[in-house]
Structures are given as structure tokens and as C-alpha cells.
Amino acid sequence: MAARAENFRCTACGASRSKWSGRCDACGAWNTVVEEAPLSAGPARKSLGTRRGSRVELSDLASEEKPPARTISGIGELDRVLGGGLVPASAVLVGGDPGIGKSTLLLQATAQFAGAGLKAVYVSGEEARAQVRMRARRLGLEQAPVQLAAETNLRDILTTLEKERPDLVVIDSIQTMWADSVESAPGSVAQVRAAAHELTGFAKRRGISVVLVGHVTKEGQIAGPRVIEHMVDTVLYFEGERGHQFRILRAVKNRFGPADEIGVFEMTGRGLTEVRNPSALFLSERDTPAAGTAVFAGIEGTRPLLVEFQALVAPTPMSQPRRSVVGWDGARLSMILAVLEARCAIPFSGLDVYLNVAGGLKISEPAADLAVAAALLSAREDIALPADTVVFGEISLSGALRTVAQTESRLKEARKLGFNKAIAPDRGSTGPSWGPRVRQMPDLVTFVGEIFGAG
Ligand SMILES: Nc1ncnc2c1ncn2[C@@H]1O[C@H](COP(=O)(O)OP(=O)(O)OP(=O)(O)O)[C@@H](O)[C@H]1O
Ligand SMILES: [Mg+2]
Ligand SMILES: [Zn+2]
């Protein structure tokens, strides 16, 4: 019997497999594995055989060419996330949950790029022309020199672009595009990949920058943006919590700039506005210090950012206590709880633990460990941390505190926002003379003893 064809595929990560399962074992997503139509008739894939190819030109690494000039949109939060503006002939993927504001962001960005001199085309596959125009009017952009198309047929779109030769084209969204060379339905992994491949290849050949919008899908038949991340130069995700007006644009991959850079926006009736000083935004009202909170002096990308961790610790009626985390890694929380128990003899068994990052931000820096521990201890002991204090430092399994990068930027941001004290692991210095007074902690036991009088 021939090897079974792998005709089931995960729509979240694109992994293929020979049988269906409820959970993808490549990416862990639920209900994302679907059966795909087998590749259409035709000979099975042949090896390249013995026919000779033509010779490929080889060259030195050195080049006289200058890096191509980037275009600045003037939306500072966007330009920074792109690595300093839009690179010509680059392919950018903007992923995000349905309704988060992708079309709004991209219509505003397109209008700005058009204003900066780029010939720009916006292709909507999701909304009728009238709908896009209504949004443009609401955003005050109806006079922007942007050319609009409402189309899903990729062949027609490419033909049009070939004639028009724009500098920038936005495709909203890649999941609505339909390449007639592929038999599967629009939105399937095969269609989304084929359309992205065609568009990025075309863009590179013609020197056009292409921005692809991709909906993050939780389950079902529609392929998510992850299946095309490898094809593009830059991957941005647009994130935000339901019920919060703040939106974060995060670079998760960038061939032309640092990844992990974030841009912060606020969604208003007139569209997205930039938040130039996000630290102020992510701190809740802090007139009186509250138990269960700690302000973390973090770094997101190249920018320092103060964020507040909030913890609640309460006795549980359950045999298995709850561990609920929003905006931070659940496994990392377990590790910190284990270290507190093993090294400081502070158990959390029998206690429910809730941990949140205020403002809907997601933090992934290990430098936040000490702030997390501070919030947890403060909640457990019902003792507020000293006012005007920021906290940072990585916790190792031994309970030692590790120095983290960019201490000075963290302290500068803290000072800028009126924090006069810092708790940090740095053993080398007491901090710069201009900055907050730094209390140095060599390990977690010392921290617990000095700040909470326990341990
Ligand atoms: N009239 C309005 N006033 C204020 N905010 C609005 C208005 N209309 C839409 N919005 C905001 O814009 C959001 C939708 O934005 P947008 O259509 O850009 O999102 P999207 O990510 O493109 O969504 P989709 O998944 O439908 O493509 C809404 O959730 C809402 O917050
Ligand atoms: Mg949209
Ligand atoms: Zn998967």
C-alpha cells in the first residue's frame, strides 16, 4: 500500500498530517485541523530528473548599492514598528483578531503613505467600496490620494497592478483572495499560501511594497496568518483587549529592523491615534499605593515602558487552586510560585492566584520576574510596596536575582514618570546619581525579608 497522503492540515500553523485530530500537535490549537481536498489530478510530483538547469549567477557579498530609502508615514508609532519606515518592495503581514481595527489602521497608514508621495492602492476583498468610503469619511480621509478597489480575484488584481505600477498595495484581507490556479476554497491554507506567494513574488519583481492583512482565526476552515509568516519580510500583530480602547502593534519578525518593537494606539471614533507616552497609560491611578500591585520598569523593543502587575491571592475552596494569568506567561508564574515556596518557604498551596498586566499589554521579558513576585507577595501579605517604586530583575531557580539588560533606560523612564525608588538585582552600583535610589537585592530571600519583613 502506498504511503497515506497527508491531506489534513492545521489552519492555524499549516502543519499537515495523515489523520484528523481535535488538537494540532504542532501548535497546540484546538479545532483547527481540517481535511483538504487532495491535490488535483495530474502526475505525482516528479523528481527534477537529469535535465540540466541553467547556470545561476554568483556574486560577492560586497555591494556598492545604497540601502533603499524608506518612506516615513508620519505615524511615529507605525514607522518605529516597521524599523524606521516602509522599505520599498517589502512584504508586510499585519495579523489581528477580527474587529480589532486592522482596516482602520491600514486605511490611515495608506493615506499617510500616499500623502508622503507613494502611489498607493487599497484592495478590499471584504467590504464593498461604499463601506470603505464610509470609513474613509469617518476618519476624515476622503480626500487622500488613495486608489480603491473592491475585488477578490487575484488574477484581475495582479493585472491591474501590472498596469498601474503603484509603490504600495494593501490587500485586506489575504483570506478573501482567490487564485484560480488553486482548486481549494478561498480562505483554505492552500489558497492563502498561493495568494501570498503570488503577491509577494510579484511585489519583489516589480518593486512594489505589499501589505497583507490576515485575520487570526481561533478554529475552523479559514487559515490563520501564521501559515504565511515565513513568506513575508515583516510580521506585525495588532493586539488589544476587548473593552479596552488601547491597541498594540507588535513586530514579531522584521528583516529590516528589530523585532519585539511595539507601537501603541488608542481607538477613537475618528480612528486610531498615537500614544506617544505609553508608560502613563499602563499605570492605573497610583495616588495611594495598593497591596497586590507592583510597577515593572520594562523594555519593549527599543523603548522603556512602565507597566503595572496586579495580583490577587485568596484562599480557595477547591482541592486544586486556580492559577489565572492575563498578559504574562502561565508557566513562568508557576516557576516563580515554586521558587517562592522552595527558597523562601512561602507556600501558595490552598490559595487561588490571579495575575494581570494592567491595560491589556502582554509582557514576555524575564526581567519582570521580580515585579511579579513583588505583586504576589504584596497580595498575599496584604502589604503595599513602598510608594514611587519600580521593580525589575530576573529570578533564577536558585532564588538568586539576575541583573537584566538596559538598567539605565529603565531607571530613566522611572524618573520621567516620577518614581524615585527602584528595587533591582544590580550588585555593581547604587544607580546613577541622577536617577531613582536603587535598593539592590542579591536574592529573593533578601528581597522578601527587607520588603515584607518575612522569610
Ligand atoms: N462609528 C464608529 N465610532 C467609533 N469606533 C468605531 C466606529 N466604527 C467602528 N469603530 C471601531 O472600529 C473597530 C473595527 O475596526 P476595523 O473595521 O478597522 O477592524 P478590522 O480588524 O478590520 O475588522 P474586520 O475583522 O471586520 O476586518 C470596531 O471594533 C470599533 O472599535
Ligand atoms: Mg477589516
Ligand atoms: Zn497547528
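Just so you know, ligand 1 is whichever comes first in the structure, and atom 1 is the first atom listed for that ligand.
- If you number the atoms of ligand 1 from 1 as listed, the ones under 4.0 Å from a heavy atom of Glu126 come out as 27 (O).
- Annotation: atom 13 (C) of ligand 1 to nearest protein heavy atom, Gly99 O, 3.7 Å.
- Protein N/O/S atoms nearer than 2.8 Å to the Zn ion (ligand 3) total 4.
- Taking only nitrogen or oxygen atoms, main chain and side chain alike, Glu127 does not reach within less than 3.5 Å of ligand 1.
- Atom 30 (C) of ligand 1 lies below 4.0 Å from none of the non-hydrogen atoms of the protein.
- Partners of Arg23 by side-chain contact (heavy atoms from CB on, under 4.5 Å), not counting sequence neighbours, listed by chain and number: Trp30.
- Using a 4.5 Å cut-off on side-chain heavy atoms (C-beta onward), Ser90 and Val92 make contact.
- At a threshold of 4.0 Å, the pair Glu300-Arg303 does not count as salt-bridged, since none of the basic side-chain nitrogens sits closer than that to a carboxylate oxygen.
- The side-chain tip of Arg250 does not point at the ring of Phe238 from less than 6.0 angstrom away and within 45° of straight on.
- Every ring-ring contact (aromatic ring centres under 6.0 Å, His included) that Phe309 has, sequence neighbours left out, goes to Trp328.
- Ranking protein heavy atoms by distance to atom 3 (N) of ligand 1, first place goes to Gly269 CA, 3.7 Å.
- Excluding waters, the set of protein N/O/S atoms under 2.8 Å from the Mg ion (ligand 2) reads Ser103 OG.
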